[in-house]
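What follows is a short report on a single structure.
Position 1 is the first residue of the sequence, and the numbers go up from there. On a predicted model such as this, the values are computed, not experimentally measured, just so you know.
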Amino acid sequence: MKKILQDYSRAELETLVTRFGEKKFRAEQIYLGLMQGKRISELPVSPALRTALSEQFEDEPVRILKTFVSSDGTKKYLFALADGNLVEGVLMAYQYGNTQCVSTQVGCRMGCAFCASTLNGLVRNLTAGEILCQILCVNRAEGGSLKTRAVHNVVLMGSGEPLDNYEHVIKFLRNLTAEGGICISARNVSLSTCGIVPKIYDLAEEGIPLNLTISLHATDDEARKRIMPVAKAYSVAEILKACAYYFEKTKRRYIFEYSLIDGENCDQAHALALCALLKGKPCHVNLIRLNEVKERSLSSVGEKQAYRFLGILEKNGLSATLRRQMGADIGGACGQLRASYLDGSVK
């Protein structure tokens, strides 16, 4: 597999083109072309430079292989990588703009019991450019430009654990938010982690004021270990301490995702325990009705039970919402589409 040109920042492209014997302004032409989602073979530079670049870099590192449209308008994309691997993403329309969910790894090694991404383990990390290309592809496919984007918000909640691919994810974030490119503000970016505590501290020091989201799903360590192996390494108390540090450094409140799993974490006692754990903290709780994965035995709760749980949180002073279910009829949960495509049930 060749290198990925979209890994490069504008400054790095300037250094690159001078090595090819070109003037620095060529870097700007290349950069703007790439940020519009163009392949190397489409860049507005000389044929000789395109050929030279194509010899070392992938012409199209990420392409949309399949697009599935839900009855609610949500779009799910199956992306093909240059080495033949597959990842997926989702574009969701809200009143405040379109939000794209991106993948950071091919597969995942975290082993969470409710997630399809981890079914076959971790294949490899994505590079910064491969993560960015998912957005560039969708922005172009949806008719967006650099001035009028079709993608307004980004969530790192697709396949993979972002903090398990830390260096590439940080470079992606810097390239995503850079002036003159696709330029999506860090405040419009959410990063979801299962709770790799040392990396939360590292993230707090990066100076990137994104929205930190923690997949919590349980209030005590023993219950969390049943569904999230990472809980064997990092306790709930350690996660809360890391979140407090993140708030101290960034002044950004943090978010807890809590998937309501039938028979596991969704009765009144669980709701009250969540209130006791989080009351007074600068956080928000995002309740999720589980997107059921056929290879897993976990089941979701009904709408009435979900709203009852939400009511308890609100009555006790927690900031909380129940996430609107989107894309359920197209395998909206991360990892479901890739798994279905690989096993032949989706063509």
Side-chain angles (χ1 to χ4, degrees), residues 68 74 76-79 85-90 92 99-126 131 134 155-165 169 190-197 199-200 212-219 221 223-234 236 239 255-266 285-301 306 323 325-343 345-346:
F68 299 85
T74 299
K76 186 141 195 181
Y77 301 91
L78 187 65
F79 298 107
N85 274 303
L86 304 172
V87 293
E88 59 196 81
V90 182
M92 298 159 284
T99 296
Q100 184 176 345
C101 179
V102 300
S103 295
T104 56
Q105 297 176 310
V106 181
C108 183
R109 64 176 179 147
M110 294 297 109
C112 297
F114 48 81
C115 183
S117 297
T118 195
L119 288 171
N120 296 307
L122 176 65
V123 178
R124 70 169 176 88
N125 288 327
L126 298 185
I131 304 170
Q134 296 170 58
V155 292
L156 284 72
M157 297 181 185
S159 299
E161 161 56 55
L163 297 187
D164 193 38
N165 184 18
V169 165
S190 297
L191 182 151
S192 178
T193 175
C194 63
I196 302 178
V197 167
K199 296 301 181 184
I200 296 174
L212 176 66
T213 301
I214 308 292
S215 290
L216 187 63
H217 313 306
T219 58
D221 294 326
R224 200 163 184 262
K225 287 174 186 176
R226 290 199 297 270
I227 55 175
M228 301 183 73
V230 71
K232 298 172 185 176
Y234 306 111
V236 171
I239 290 172
I255 300 165
F256 289 107
E257 290 180 315
Y258 193 97
S259 289
L260 295 165
I261 305 170
D262 190 34
E264 181 67 41
N265 65 353
C266 57
V285 177
N286 192 4
L287 297 177
I288 304 166
R289 279 168 286 180
L290 191 71
N291 264 322
E292 295 179 9
V293 178
K294 65 181 181 179
E295 294 86 354
R296 305 294 195 185
S297 58
L298 302 179
S299 300
S300 182
V301 301
R323 181 188 292 175
Q325 282 190 310
M326 301 179 74
D329 57 335
I330 53 170
C334 59
Q336 288 184 318
L337 179 55
R338 173 176 173 267
S340 297
Y341 191 85
L342 290 175
D343 70 17
S345 57
V346 169

Less than 4.5 Å apart, any side-chain heavy atom of S159 and any of E88? yes

How many angstroms lie between OG1 in T74 and CZ in F68, if you round to the nearest 0.5 Å? 14.5 Å

Partner set under salt bridge (charged side-chain N to carboxylate O under 4.0 Å, His left out) for R124, not counting sequence neighbours: D83, E130

N/O donor-acceptor pair under 3.5 Å between T118 side chain and G111 backbone: yes

Show your reasoning for whether side-chain hydrogen bond (donor to acceptor under 3.5 Å, both in side chains) applies to N125 and Q105. CA-CA 4 Å; N125 288 327; Q105 297 176 310; 2.8 Å; yes

Please confirm whether the backbone N or O of S192 pairs with a side-chain atom of T213, one donor and one acceptor, at under 3.5 Å? no

Point-to-point distance, once rounded to the nearest 0.5 Å, from CG of N120 to SG of C108: 12.0 Å

Closest approach of M92 to C101 (non-hydrogen atoms, all atoms of both residues): CE-CB, 4.2 Å

To the nearest 0.5 Å, tell me how far C112 SG sits from M228 CE. 4.0 Å

Give a yes or no answer on whether the side chain of N265 reaches the backbone of S259 with a donor-acceptor pair at less than 3.5 Å. yes

Any side-chain heavy-atom pair from V169 and L163 closer than 4.5 angstrom? no

Is T193 close to L212 at the side-chain level, that is, under 4.5 Å between some pair of heavy atoms? yes

Determine the minimum heavy-atom distance between Y234 and I239, stating which atoms define it. O-CD1, 4.5 Å

Give the minimum heavy-atom separation between C266 and G263, together with the two atoms involved. SG-N, 3.8 Å

Are S215 and E257 linked by a side-chain donor-acceptor pair shorter than 3.5 Å? yes

Check the orientation of Y258 and H217. Use parallel for under 30°, tilted for 30 to 60°, and perpendicular for over 60°. tilted

Any non-hydrogen side-chain atom of I255 less than 4.5 Å from a side-chain atom of I214? no

Would you say the side chain of D164 lies within less than 4.5 Å of the side chain of K199, judging by non-hydrogen atoms? no

How long is the gap from CZ on F79 to CD1 on I131, to the nearest 0.5 Å? 12.0 Å

Looking at G160 and T104, what are the two nearest heavy atoms and their distance? C-OG1, 3.8 Å

Within a strict 4.5 Å, meaning less than it, do heavy atoms of the V155 and T99 side chains meet? yes

Salt-bridge test for R109 and E161: reply yes if a basic N is under 4.0 Å from a carboxylate O, no otherwise. no

Less than 4.5 Å apart, any side-chain heavy atom of N85 and any of V87? no

Counting distance only, does the side-chain N/O of Q100 pair as donor-acceptor with the main-chain N or O of Q134 below 3.5 Å? yes

When you look at V230 and R224, which way does the side-chain contact (heavy atoms from CB on, under 4.5 Å) test go after all the steps? CA-CA 9 Å; V230 71; R224 200 163 184 262; 4.2 Å; yes

Heavy-atom pair with the smallest gap, counting every atom of N286 and R323: ND2-NH2, 3.2 Å

Which heavy atom in M157 sits nearest to a heavy atom in S190, and how many Å separate them? CE-CB, 4.2 Å

Sequence neighbours left out, what passes side-chain contact (heavy atoms from CB on, under 4.5 Å) with T219? Give chain and number order. A273, L274, L277

Is the side chain of N165 donor-acceptor paired with the backbone N or O of L126 at a distance under 3.5 Å, no angle test? yes

